[in-house]
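Worksheet: one structure, shown below.
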2 protein chains.
Amino acid sequence: MDKTRMTKQRKTIINILKDTDTHPTAEWIYDQVKKEIPKISLGTVYRNLNLLAEKDQITVINYANEQSHYDGNTKNHYHFKCKNCKRIYDLDLDLFSKDLNKIANQNTNFKVSDHRLEFYGLCPICK
Amino acid sequence: MDKTRMTKQRKTIINILKDTDTHPTAEWIYDQVKKEIPKISLGTVYRNLNLLAEKDQITVINYANEQSHYDGNTKNHYHFKCKNCKRIYDLDLDLFSKDLNKIANQNTNFKVSDHRLEFYGLCPICK
DNA sequence: CTATTTGCAAACGCTTTGCCTGATT
DNA sequence: AATCAGGCAAAGCGTTTGCAAATAG
């Protein structure tokens, strides 16, 4: 059973997130919640965001707390990250590369020039 | 003209990056360079990595230095980031979603269960 | 009641930066 | 010789955490 409690802090954070499509930062959410709960702390916002992400009720875009990784290979290629050992592998599927941009351009009104595609799962060693 | 100088620190960092496909962190690179240049500082490694990335000689995988962004929409969807205004938009192209995993599975020996795809370019407001 | 959550503030970890010295062109 | 780059250490910044007080169930 789930021992989590629905505090007014948590409820407010969830509502704010469900009501926007601006993909906000913790700081922005914090500012919004403060309008309703002036004494809320930023730590509480982070704790709740992490909890919600763990329960897959929200998604984290660009997890900022990892180290940066660098790639000396500038040829266009994709990456695969093993969920188990965290290793990053190169993937040779540039077949789509141009197609993906084209499809995105044709189906939206953005001027798409680039994309980043990353796969996740288990590598040969871990599976 | 390019006023950058080819120091032995810079040269060593480039060589190390070109010689590996492990997508290392700054710290790992630092440890490698130290074997040749024991007095090199971590700051120098970072300065060079940033410089090389700016000149597109290397790629940064997951820029750790940005803030995290959160998405309350758990429906499978892609994102578009405007290079100019930095706004993040939703994109409705889940058409491929399953296909991309399938293709990756068929063409590699990884067990692919997931992926993240992000497009870049100019949004309607900025273009 | 009592275990979970909060507020607060301090700590953390990665990255950046200021200052001065050293090296490259 | 002039200016770019490096070393060192401190600062920056987003995020996490320890602790005591508050509160949901």
Side-chain angles (χ1 to χ4, degrees), chain A residues 1-17 22-55 57-72 81 86 88, chain B residues 1-17 22-55 57-72 81 86 88:
Chain A
M1 59 304 197
D2 190 351
K3 293 190 188 309
T4 57
R5 295 173 181 180
M6 189 50 67
T7 61
K8 64 179 186 310
Q9 288 85 344
R10 185 162 301 157
K11 191 180 304 179
T12 308
I13 291 169
I14 294 174
N15 285 342
I16 287 171
L17 265 167
T22 59
H23 314 86
T25 62
E27 200 85 33
W28 186 91
I29 297 166
Y30 173 57
D31 287 340
Q32 304 305 306
V33 188
K34 262 200 297 199
K35 294 175 185 169
E36 275 187 52
I37 310 171
K39 280 187 68 72
I40 194 172
S41 79
L42 188 52
T44 298
V45 173
Y46 275 109
R47 270 188 291 237
N48 275 296
L49 288 172
N50 287 340
L51 190 95
L52 293 168
E54 245 169 55
K55 303 206 284 172
Q57 288 174 27
I58 65 172
T59 307
V60 187
I61 308 176
N62 238 342
Y63 194 70
N65 217 22
E66 296 169 356
Q67 284 183 76
S68 294
H69 289 257
Y70 300 85
D71 193 341
K81 277 193 194 169
K86 312 296 182 199
I88 302 174
Chain B
M1 61 300 196
D2 191 351
K3 294 189 189 306
T4 58
R5 295 174 182 177
M6 189 49 67
T7 62
K8 64 179 186 308
Q9 289 85 343
R10 185 162 301 157
K11 192 179 303 177
T12 309
I13 291 169
I14 293 174
N15 286 341
I16 287 172
L17 265 167
T22 59
H23 314 87
T25 62
E27 201 86 34
W28 186 92
I29 297 165
Y30 173 57
D31 287 340
Q32 304 305 306
V33 188
K34 263 199 298 199
K35 294 175 184 169
E36 276 187 52
I37 310 170
K39 280 187 67 70
I40 195 173
S41 80
L42 188 52
T44 298
V45 174
Y46 275 109
R47 268 188 289 238
N48 276 295
L49 289 172
N50 288 340
L51 191 95
L52 293 169
E54 244 168 56
K55 302 206 283 172
Q57 289 174 26
I58 65 172
T59 307
V60 187
I61 310 176
N62 95 100
Y63 315 85
N65 218 21
E66 296 171 355
Q67 286 183 73
S68 295
H69 289 255
Y70 300 87
D71 193 342
K81 277 193 194 169
K86 312 294 182 201
I88 302 175

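Proteins get letters first, then strands, A, B, ... in listed order; numbering begins at 1 in each. These figures come from a predicted structure and were not determined experimentally. Side chains are part of it too, since the values below use all heavy atoms of this structure and drop only hydrogens, waters and symmetry mates.
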Item to check | Under 3.5 Å: donor-acceptor pair, side chain of His69(A), backbone of His23(B) | outcome: yes
Next on the checklist: Working to the nearest 0.5 angstrom, can you tell me the gap between Ile16(A) CD1 and Gln32(A) CD?
Outcome noted: 5.5 Å
Checklist entry - What is the per-nucleotide protein-contact pattern of nucleotides 18-25 of chain D, from the 5' end, where B denotes a base atom under 4.0 Å from a protein heavy atom, S denotes such proximity for sugar-phosphate atoms only, and - denotes neither? => result B----BBS
Item to check | Nearest-angstrom distance from the residue atom CG of Leu49(B) to P of dC14(C) | outcome: 15 Å
Next on the checklist: In whole Å, I'd like the distance from the CZ atom of Arg10(B) to the C1' atom of dG7(D).
Outcome noted: 15 Å
Next on the checklist: A side-chain contact here means heavy atoms from C-beta on lying under 4.5 Å apart; do Tyr70(A) and Thr59(B) qualify?
Outcome noted: no
Next on the checklist: Between P on dG13(C) and CD on Gln67(B), what's the gap in Å once rounded to a whole number?
Outcome noted: 20 Å
Item to check | side-chain N/O Asn50(B) vs dT16(C) OP1/OP2, d < 4.0 Å | outcome: yes
Next on the checklist: Taking the nucleotide of DNA chain C with the nearest heavy atom to each, does His69(A) or Gln9(B) sit closer to the 5' end?
Outcome noted: His69(A)
Item to check | Rounded interatomic separation in angstrom, taking CD1 from Ile37(B) and P from dG22(C) | outcome: 17 Å
Next on the checklist: Could you check whether atom NZ of Lys39(B) has more than 12 heavy atoms from other residues, nucleotides or ligands sitting under 6.0 Å from it?
Outcome noted: no
Checklist entry - Is there side-chain contact between Asp31(B) and Lys34(B), with heavy atoms separated by less than 4.5 Å? => result yes
Checklist entry - Leu51(A) CG to dT16(D) P: how many Å, rounded? => result 12 Å
Checklist entry - For Lys8(B), which of Ile37(B), Ile13(B), Val33(B) qualifies under side-chain contact (heavy atoms from CB on, under 4.5 Å)? => result Ile37(B)
Checklist entry - How would you label the contact of Thr25(A) with the nucleic acid (heavy atoms, under 4.0 Å): base, sugar-phosphate, or nothing? => result nothing
Item to check | Distance, rounded to the nearest Å, where Asn48(A) contributes CG and dT4(C) contributes P | outcome: 15 Å
Checklist entry - Got a donor-acceptor contact below 3.5 angstrom from the Arg10(B) side chain to the Arg5(B) backbone? => result yes
Item to check | Nearest-angstrom distance from the residue atom NZ of Lys39(A) to C1' of dT5(C) | outcome: 15 Å
Next on the checklist: What is the distance, to the nearest angstrom, from the CG atom on Leu42(B) to the C1' atom on dC14(C)?
Outcome noted: 9 Å
